[in-house]
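Right, one structure below, let's go through it.
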Amino acid sequence: MQKNVIKDDILKESYIKLKHKTGLTILLYPMKGYSTATAIFATRYGSIDRTFKKKTDREFTTVPDGIAHYLEHKLFENSDGVDTFELFSKTGASVNAFTSHDKTAYHFSCTNNFNECLKILLNFVQDPYFTDETVQKEQGIIGQEIKMYEDDPNWRVFLNCLENMYHNHAIRVNIAGTVESIAKINKDILYECYKTFYNMNNMVLIISGFFDVDQAIEIIESEIKDSVPVEIERKVEYEPQNVVKPVVRIALAVSKPQFCIGYKLAPLEGIEMLKAKFELQVACELLVGEGSDLYKEFYDSGLVSGGNVDYEVLCGNGYFSLCFTGESSDPEKVLSKINFEIDRKLKSGFSDEDFRAVKNAAYGYCMNFSNSPKNLSLCMLNAFIEGYNLYDNINIVRNLKLDDVESRLRSIDVCNSTLSVVDPI
Amino acid sequence: MDVLNSKKIQDGVYFHSIIDGKFKFNRISVNFVVKMDGKTASLNALLSFLLRKRCMQYPNMLDLGKKLQELYGASLFNECRKVGDNHLISFGIVSLDDQFAIDGENLNQQASRLLASIVFEPLIQDGKFVEEDVEIEKQNLIELVKSQYNDKRTYSFNQAIHTLFDGQGYGCNQYGDVESIKQIENCRVIDEYMKMLRSAEVHIMFTGRRNFSDCFNVFKKKYDLIDRGDIYKSNNQKYIKQGELKSRVEKDQVLQSKLVMCFASSVEYDSKFNNVIWVMTALLGGTPTSKLFVNVREKLSLCYYCSAQFDPAKGLIFIESGVENENIQKAKTAILEQFDDIKNGKFTQDELFKVVLALENVLKAVGDSAGAIQSYYLSQICRGKIEPPDKKIESIKSITKQDIVEVANLFSIVMDYTLTSEG
């Protein structure tokens with residue numbers, strides 16, 4: 001296997017990157033002193049990948065919403081009838097999986113029997129087994145999962161914001177789909193998606209914590225099945241620049257209105273996207289973070305509960321947006337205050353002193369990656385999906401410039417936003 | 001993981017440390033243990049937020065925010081938790097170790113001093129907390145209490161406990177209740193603060209990569225100046241089943257109903273059985289191969305979650321589930337059947353072995369997180385018995401099937417709470 005050692009001279013740490021002949025990327029990060037090992041076997045396949053084709057296919061295929069998540073549930077069943085949780089239970093490991101907009105990941109954490117766990121992980125993900133009956137049965141559990149999230153105001157306010165920012169991009173669709181869309185899923189569609197996206201060329205295996213590198217490589221060599229690398233073309237629907245609707249409101253059983261303000265920005269790719277993400281995060285911390293004027297204003301006036309407005313930069317293939325969330329009796333006023341502050345800072349700029357403090361904070365957050373094997377693996381997974389190396393983000397933060405942060409702030413069009421509100425019933 | 005090193009600083013004040021070179025961040029927390037009481041729960045919770053806001057060292061909250069950013073995004077936190085009949089009021093800071101500071105700053109010492117200032121040097125004017133701060137924090141606390149309603153799983157769990165322990169400490173919300181928060185007068189807050197410093201049981205915890213002497217000295221000096229007396233000692237009264245099953249159905253506009261079932265013993269039992277009950281609860285509903293997960297979720301497809309947890313401080317087992325409205329009764333019946341199966345020994349040695357393996361994994365992983373280490377030991381300290389993870393592993397490995405059956409038969413349902421849709 002092709003082997004690279006990725007180093008960071010300041011941290012004095014390194015990890016190993018391998019490329020298997022099937023196209024599988026393998027990232028190994030041994031961590032001294034830890035008892036736990038975590039492994040993640042993941043594919044670049046999430047809820048946004050609903051229209052796609054293999055390079056060899058003529059036509060694009062569009063599949064029902066929620067299928068990546070459905071597939072995640074179904075992979076836990078095996079052809080011999082033994083449930084994957086049952087297999088892991090003999091090792092003591094904790095195992096789980098998740099699906100997001102752009103990835104599906106299967107992971108375990110263990111303090112004993114690492115080699116056995118790794119074999120189980122590699123085997124169950126490579127061994128799909130679906131029947132009409134088992135596919136049908138899962139609809140009950142997933143239907144309950146969908147309903148649970150429909151009662152969750154934090155999720156609903158966020159999802160409604162995306163739905164009303166994006167006209168066509170699949171980011172607007174619920175990761176788990178709807179009760180109606182999952183009813184259209186059958187075993188043939190599941191196999192089709194599996195064959196396309198669970199090709200090793202589209203996948204990554206990440207191991208961190210307490211494990212033996214040589215033994216892990218030996219197991220990987222013996223358990224990864226031969227396959228021909230598949231190249232996937234993902235169709236990103238044409239997406240107009242403007243948002244769908246500037247305001248959307250629903251009512252749920254909540255104590256006070258919850259809000260999510262989404263600013264729609266132009267999509268970016270690769271390292272440029274990563275740099276923009278950090279620059280915007282720093283800009284947001286300067287705008288609404290605990291050391292900002294706006295935080296104090298929100299806190300003192302009681303306009304936002306506790307003064308806390310959270311922010312998130314959401315970016316990927318064909319989408320880039322910035323969301324502010326919180327709780328307020330007057331979300332429209334919060335929107336106008338944030339817009340005013342963006343405008344004010346565009347005119348006055350941020351102070352050098354404030355920028356230095358926030359840059360320090362951003363560096364600290366980056367360093368947080370190594371506080372547990374699981375956290376480290378998840379950070380490496382995000383880096384892989386977004387197309388960079390783990391230490392790239394630390395280097396970008398170290399080299400952040402105030403001018404770049406201010407320029408990035410200009411990319412926000414305050415007139416192109418969606419205010420999503422969940423009001424009390 | 002290093003062993004917990006504990007030193008007494010003053011009467012009822014202890015400094016605990018665990019040093020481990022693998023951590024890049026240091027975590028310091030100051031934990032006050034007081035009696036959980038309806039009369040003071042709101043006051044203590046308010047104090048926790050008031051102190052976090054600003055201090056003599058940083059009288060302007062923006063300066064405090066900026067200082068935290070400068071300290072590489074140090075996280076300064078306050079927490080209110082209920083551990084059995086005790087109210088745990090915590091303040092802490094998690095900061096990057098000096099070794100990783102870009103410009104070689106002394107982060108560890110600055111973090112210790114900042115936390116000490118937050119806890120011991122509040123901003124006092126005319127012998128009281130700043131009136132404006134008290135009013136704002138009262139309002140914020142009221143909103144926090146009200147917002148617990150937004151998460152229906154947590155809300156249901158709290159409502160079940162509140163119903164079973166109405167008027168008792170354990171039935172109180174860790175943030176108090178809206179009415180008593182509204183009635184708090186500023187002059188009482190400083191009295192409660194002084195009482196907390198003088199009389200609470202205090203546990204200062206340090207988990208990090210290097211020597212903790214700076215941190216120890218900072219807090220030792222602070223406590224040398226405090227005259228301690230009438231010191232609280234953490235304690236818990238196990239709940240013993242009395243009378244009939246309590247049942248409550250609450251109606252609201254929810255798409256998914258929430259069930260909370262609570263089980264208790266009808267006879268006194270020794271706390272040495274806590275580990276057996278913990279394992280039995282995990283066998284029932286603590287892992288993806290547990291009876292509730294396999295049978296109620298997977299085989300019957302009745303719910304997305306159905307799990308059990310044990311609160312050793314009160315001797316209670318809770319089962320929580322999210323189910324479709326029309327399946328509520330079916331789910332309750334299935335849950336009780338699974339519990340009965342354990343009582344009747346309908347589980348294999350192999351199932352028991354696997355649960356113990358899973359719990360061993362959890363215990364071994366405690367040492368990999370500074371937060372988990374502190375939480376693990378604090379809960380035990382509040383329950384009056386410290387058992388390091390390796391000792392607990394030894395203990396659970398010796399548990400037999402018969403032990404499980406015996407403790408399962410101690411428990412029966414005492415509370416049944418349902419949140420379901422209107423109409």
Side-chain angles (χ1 to χ4, degrees), chain A residues 11 31-36 83 85-86 89-95 109-112 137 140-141 144-145 147-148 150-154 252-256 258 285 289-293 295-296 299-300 302 305-306 327 354 357-358 360-365 367-368 370-373 398 425, chain B residues 1 20-25 61-74 95-96 100 102 136 139-140 143-144 146-152 252-256 287-289 293-294 297-298 301-305 322-324 354-355 357-358 360-362 364-365 367-370:
Chain A
L11 283 178
M31 297 166 80
K32 277 186 192 154
Y34 283 85
S35 305
T36 313
D83 181 84
F85 286 119
E86 181 64 27
S89 70
K90 291 171 189 157
T91 67
S94 67
V95 57
S109 286
C110 70
T111 50
N112 286 319
K137 194 170 156 286
I141 293 171
Q144 280 308 308
E145 189 178 356
K147 285 191 176 172
M148 185 177 79
E150 284 182 11
D151 278 335
D152 179 347
N154 295 329
L252 282 177
V254 292
S255 60
K256 201 175 175 180
Q258 314 286 307
E285 186 62 27
E290 218 182 314
S292 69
D293 296 340
Y295 169 77
K296 187 166 186 329
Y299 177 90
D300 287 344
S305 298
E327 186 183 84
D354 288 352
V358 170
N360 266 11
Y363 174 75
Y365 298 141
M367 293 293 290
N368 228 339
S370 59
N371 68 6
S372 76
R398 281 180 192 137
I425 290 169
Chain B
M1 183 174 70
D20 196 326
K22 67 178 176 245
F23 293 126
K24 291 191 176 72
F25 289 79
M61 61 186 274
L62 282 191
D63 290 342
L64 174 61
K66 283 176 189 168
K67 183 66 194 172
L68 291 169
Q69 288 169 342
E70 268 173 39
L71 292 174
Y72 295 87
S95 62
L96 195 63
F100 302 100
I102 296 176
I136 290 177
Q139 193 51 41
N140 284 340
E143 286 179 4
L144 180 65
K146 286 184 176 172
S147 72
Q148 290 177 325
Y149 168 64
N150 298 352
D151 176 354
K152 297 297 179 283
D252 208 334
Q253 291 188 32
V254 289
L255 286 169
Q256 186 184 72
T287 73
T289 51
F293 190 94
V294 169
R297 176 185 139 127
E298 294 290 314
S301 286
L302 278 176
C303 47
Y304 177 63
Y305 71 87
V323 297
E324 198 125 19
K354 286 170 184 168
V355 166
L357 261 184
E360 182 185 349
N361 190 49
V362 171
K364 277 189 170 173
D368 283 352
S369 153

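A, B, ... follow the sequence lines: proteins, then strands. Residue 1 opens every chain. Quick caveat: nothing in here was measured; it's all calculated off a predicted structure.
Considering only heavy-atom pairs separated by less than 4.5 Å from chain A, the leading option among Cys303(B), Gly21(B), Ala74(B) is Cys303(B). Contact count versus chain A (heavy atoms, under 4.5 Å) is highest, among Leu64(B), Ile102(B), Asp63(B), for Ile102(B). Taking Leu68(B), Leu96(B), Ile136(B) one by one and counting their heavy-atom pairs under 4.5 Å with chain A, the maximum is reached by Ile136(B). Heavy-atom pairs under 4.5 Å with chain B peak, among Gly302(A), Pro373(A), Ser292(A), at Ser292(A). Residue with the most contacts toward chain B among Met148(A), Glu150(A), Lys296(A): Met148(A) (heavy-atom pairs, distance under 4.5 Å). Heavy-atom pairs under 4.5 Å with chain A were tallied for Lys146(B), Glu298(B), Met61(B); the largest tally goes to Met61(B). Note on Tyr305(B), Phe23(B), Phe100(B): by heavy-atom pairs under 4.5 Å with chain A, the leading option is Phe100(B). Contact count against chain B (heavy-atom pairs under 4.5 Å) is highest for Ala357(A) among Ala362(A), Ala357(A), Gly364(A). Per-residue heavy-atom pair counts under 4.5 Å with chain B were compared for Thr36(A), Leu11(A), Val358(A), and the maximum is reached by Thr36(A). Taking chain B as the reference chain and counting heavy-atom pairs below 4.5 Å, the highest number among Asp83(A), Val95(A), Asn368(A) is found for Asn368(A). Between chain B and the options Gly306(A), Gly289(A), Gly140(A), heavy-atom pairs under 4.5 Å are most frequent for Gly306(A).
Neither the backbone nor the side chain of Gln139(B) comes within less than 4.5 Å of any heavy atom in chain A. Interface remark: Lys152(B) contributes side-chain atoms only to the contact with chain A (heavy atom separation under 4.5 Å). Using a 4.5 Å cut-off between heavy atoms, Phe25(B) touches chain A through its side chain atoms alone. For a residue to count as touching a neighbouring chain, one of its non-hydrogen atoms must lie under 4.5 Å from one of that chain's; by this rule Asn140(B) touches chain A with the side chain only. Looking at Glu285(A), the atoms closer than 4.5 Å to chain B (heavy atoms on both sides) sit in the backbone and in the side chain alike. With a 4.5 angstrom heavy-atom cutoff, Asp293(A) touches chain B via backbone and side-chain atoms both. Residue Lys32(A) touches chain B through its backbone alone, counting heavy-atom pairs closer than 4.5 Å. With a threshold of 4.5 angstrom between heavy atoms, Leu144(B) does not approach chain A through any atom at all. At a 4.5 Å heavy-atom cutoff, the contact between Tyr295(A) and chain B is made by side-chain atoms alone. Contacts between Gln148(B) and chain A at a heavy-atom distance below 4.5 Å are absent for every atom of the residue. For Val323(B), the part lying under 4.5 angstrom from a heavy atom of chain A is the backbone only.
Atom CG of Leu62(B) is separated from atom CD of Glu290(A) by 9.0 Å, given to the nearest 0.5 angstrom. To the nearest 0.5 Å, atoms CG (Asp151(B)) and CG (Asn154(A)) are separated by 8.0 Å. Interatomic distance, Ser35(A) OG to Lys364(B) NZ, rounded to the nearest 0.5 Å: 7.5 Å. Taking CD1 from Ile141(A) and OH from Tyr304(B), the interatomic distance works out to 9.5 Å, rounded to the nearest 0.5 Å.
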- Would you check, one step at a time, whether the test side-chain contact (heavy atoms from CB on, under 4.5 Å) holds for Asp368(B) with Ser372(A)? CA-CA 6 Å; Asp368(B) 283 352; Ser372(A) 76; 5.8 Å; no

- Task: Step by step, work out the side chain to side chain donor-acceptor pair (under 3.5 Å) result for Gln144(A) and Gln256(B).
- Result: CA-CA 7 Å; Gln144(A) 280 308 308; Gln256(B) 186 184 72; 2.8 Å; yes

- Query: Run the side-chain contact (heavy atoms from CB on, under 4.5 Å) check on Ser89(A) and Leu357(B) step by step: do they pass?
  - Reply: CA-CA 8 Å; Ser89(A) 70; Leu357(B) 261 184; over 6 Å; no

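Taking every heavy atom of both residues into account, Asn360(A) and Gln69(B) meet most closely at CB-O, 3.4 Å. Tyr149(B) approaches Ser255(A) most closely through the heavy-atom pair CD2-N, 3.8 Å. Nearest heavy-atom pair across Asp354(A) and Lys66(B) is OD1-CE, 3.3 Å.
Around atom NZ of Lys137(A), more than 12 heavy atoms belonging to other residues, nucleotides or ligands sit under 6.0 Å away.
The main-chain N or O of Thr111(A) is found under 3.5 Å from a side-chain atom of Asn361(B) such that the two form a donor-acceptor pair. Judged by distance alone, the side chain of Asp151(A) and the main-chain N or O of Val254(B) form no donor-acceptor pair under 3.5 Å.
Looking at Lys22(B) and Met31(A), their side chains never come closer than 4.5 Å, going by heavy atoms from C-beta outward.
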